[in-house]
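Following: one structure in structure tokens, then a few remarks.
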There are 2 protein chains.
Amino acid sequence: MKLDDAAVRLEALGNPTRLRIYRTLVRAGEEGMAVGKLQERLDIAASTLSHHLKTLVGVGLVTQTREGTTLICHTNYPMMRGLIEYMLEECCVEGTCAPGGLAKLFKAA
Amino acid sequence: MKLDDAAVRLEALGNPTRLRIYRTLVRAGEEGMAVGKLQERLDIAASTLSHHLKTLVGVGLVTQTREGTTLICHTNYPMMRGLIEYMLEECCVEGTCAPGGLAKLFKAA
DNA sequence: ACGGTATTTCTAGAATGTTCGAAATAGTTC
DNA sequence: GAACTATTTCGAACATTCTAGAAATACCGT
């Protein structure tokens, strides 16, 4: 993942409303959640939700599938994984992990 | 870490200029890097750099120590770790990891 | 304290983001 | 195709962010 791609994805998650949306979708698991249910759950204006979902879908963190009149939203796990990996990679310089670096911290996890 | 704290940190990293700054600092490792050297390396206006550093320091992702007239900047690894852990935790609902979830993906890493 | 280097604050303009109501569109059912 | 539900687009108000030059401040050495 390129720096600019990572940045737009981090920025997408870096808004409290969008992070709430994303977290709710992650917790919804495999089945995802309809836009309408998301709106009811988060209690925000439909237009606001649509606006933020557009951002999340635009950067690839969320995907949508239609079921009748309702749109089901899903988290895109591989994309999130790529983003986290990008952050983890940044702790390594020329193959050696910086002291106190992140990869080291996650060896046990 | 609370959602709002995670959001402001993600937002801090979600700007290309700040992500470049942060990445440069991570790569600088333990010894960190002076503000002046950062400016020279990244080729941005001193005031712009100062502005972004203030943001990164403000959310706790970067710390600064003085050495004479120069300010040395360091990444705050535990904070970054906390942020990544926050993201990883979000894939788990009530103890069970969502299928295809992130923690699972990082078991081997 | 003076001169020099390092960094921040001030100021301001352009650009972008957030929010929501109202109107419009997409799809389903009858 | 009319009525209905689900979602998006439009429009607008308001706030925030990004950038950088100029001025101000902080620290050191002499």
Side-chain angles (χ1 to χ4, degrees), chain A residues 3-25 28 31-76, chain B residues 3-25 28 31-76:
Chain A
L3 185 139
D4 282 355
D5 295 325
V8 294
R9 283 165 192 146
L10 289 167
E11 186 186 27
L13 294 175
N15 170 278
T17 303
R18 279 193 299 268
L19 190 53
R20 283 212 302 146
I21 294 169
Y22 187 81
R23 188 181 58 171
T24 304
L25 287 178
E31 58 184 301
M33 188 177 288
V35 174
K37 192 167 182 184
L38 257 178
Q39 193 218 328
E40 175 189 310
R41 186 75 65 91
L42 299 174
D43 194 30
I44 55 183
S47 56
T48 302
L49 174 58
S50 183
H51 168 72
H52 286 307
L53 278 175
K54 193 174 172 183
T55 301
L56 288 168
V57 171
V59 303
L61 283 167
V62 167
T63 59
Q64 294 176 320
T65 57
R66 211 170 245 295
E67 273 191 26
T69 73
T70 74
L71 260 185
I72 314 291
C73 305
H74 305 263
T75 55
N76 184 353
Chain B
L3 185 140
D4 282 356
D5 296 324
V8 294
R9 283 165 194 145
L10 289 167
E11 186 186 26
L13 293 175
N15 170 279
T17 303
R18 279 195 298 270
L19 191 53
R20 283 212 302 147
I21 294 169
Y22 188 81
R23 187 180 60 171
T24 305
L25 288 177
E31 58 184 300
M33 189 177 288
V35 174
K37 193 168 182 184
L38 257 179
Q39 193 218 329
E40 176 189 311
R41 186 76 65 91
L42 299 174
D43 194 31
I44 55 182
S47 56
T48 302
L49 175 58
S50 183
H51 167 73
H52 286 307
L53 279 175
K54 194 174 172 183
T55 301
L56 289 169
V57 171
V59 302
L61 282 167
V62 167
T63 60
Q64 293 176 320
T65 57
R66 209 167 247 299
E67 274 190 23
T69 73
T70 73
L71 259 185
I72 314 291
C73 305
H74 304 264
T75 55
N76 183 353

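Atom CG in A/Leu49 sits roughly 11 Å away from atom P in C/dC20 (whole-Å rounding). Note: CD (A/Glu40) to P (D/dT7) measures 11 Å, nearest angstrom. Between B/Gln39 atom CD and C/dT5 atom P the separation is 15 Å, expressed in whole Å. Atom CD in B/Gln64 sits about 12 Å away from atom C1' in C/dA6, given to the nearest Å. Going from atom CG of B/Leu71 over to atom P of D/dA26 covers 13 Å, rounded to whole Å. For the pair A/Leu38 CG and D/dT7 C1', the computed distance is 12 Å after rounding to whole Å. Rounded to whole Å, atom P of C/dT28 lies 11 Å from atom CD of A/Glu67. For the pair A/Leu42 CG and C/dT19 P, the computed distance is 12 Å after rounding to whole Å.
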**Request:** Would you please test B/Val62 and B/His74 for side chain to side chain contact (heavy atoms under 4.5 Å, CB included) and show each step?
**Result:** CA-CA 6 Å; B/Val62 167; B/His74 304 264; 5.9 Å; no
**Message:** For A/Gln64 and A/Ile72: C-alpha separation, side-chain torsions, deciding distance, then whether side chain to side chain contact (heavy atoms under 4.5 Å, CB included) applies.
**Reply:** CA-CA 5 Å; A/Gln64 294 176 320; A/Ile72 314 291; over 6 Å; no
**Prompt:** Between B/Val35 and B/Cys73, is a side chain to side chain contact (heavy atoms under 4.5 Å, CB included) present by the stated rule, with each step listed?
**Reply:** CA-CA 7 Å; B/Val35 174; B/Cys73 305; 3.7 Å; yes
**Audit row: B/Arg18, B/Leu13, side chain to side chain contact (heavy atoms under 4.5 Å, CB included) steps and yes/no** = CA-CA 6 Å; B/Arg18 279 195 298 270; B/Leu13 293 175; over 6 Å; no
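Side chain of B/Asn76 to main chain of B/Gly60: a donor-acceptor pair is present (N/O by atom type, distance under 3.5 Å, no hydrogens or angles). The main-chain N or O of A/Leu42 is found under 3.5 Å from a side-chain atom of A/Arg20 such that the two form a donor-acceptor pair. A donor-acceptor pair is defined here as one N or O able to donate and one able to accept, closer than 3.5 Å; such a pair exists between the side chain of B/Gln39 and the backbone of B/Ile44.
For B/Thr69, the listed nucleotide lying nearest its side chain is D/dC28; candidates were D/dT9, D/dT7, D/dC28.
In the helix from C/dA1-D/dT30 to C/dC30-D/dG1, the end axes, each obtained as the rotation axis mapping the C1' atoms of four pairs onto the next four within a five-pair block, lie 30° apart to the nearest 10 degrees.
In terms of heavy-atom proximity, A/Thr75 sits nearest to A/Tyr22 at CG2-CE1, 3.8 Å. Taking every heavy atom of both residues into account, B/Leu61 and B/Ala12 meet most closely at CD1-CB, 4.3 Å.
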Identify each atom pair where a protein N or O and an N or O of nucleotides 12-20 of chain D are less than 3.5 Å apart, giving names and distance.
| residue | atom | partner | partner atom | Å |
| --- | --- | --- | --- | --- |
| D/dC18 | OP1 | B/Asn15 | ND2 | 3.0 |
| D/dC18 | OP1 | B/Arg18 | NH2 | 3.2 |
| D/dC18 | OP2 | B/Arg18 | NH1 | 3.0 |
| D/dT19 | OP1 | B/Thr17 | OG1 | 3.4 |
| D/dT19 | OP2 | B/His52 | NE2 | 2.6 |
| D/dA20 | OP2 | B/Thr48 | OG1 | 3.1 |
| D/dA20 | N7 | B/Ser47 | OG | 3.2 |

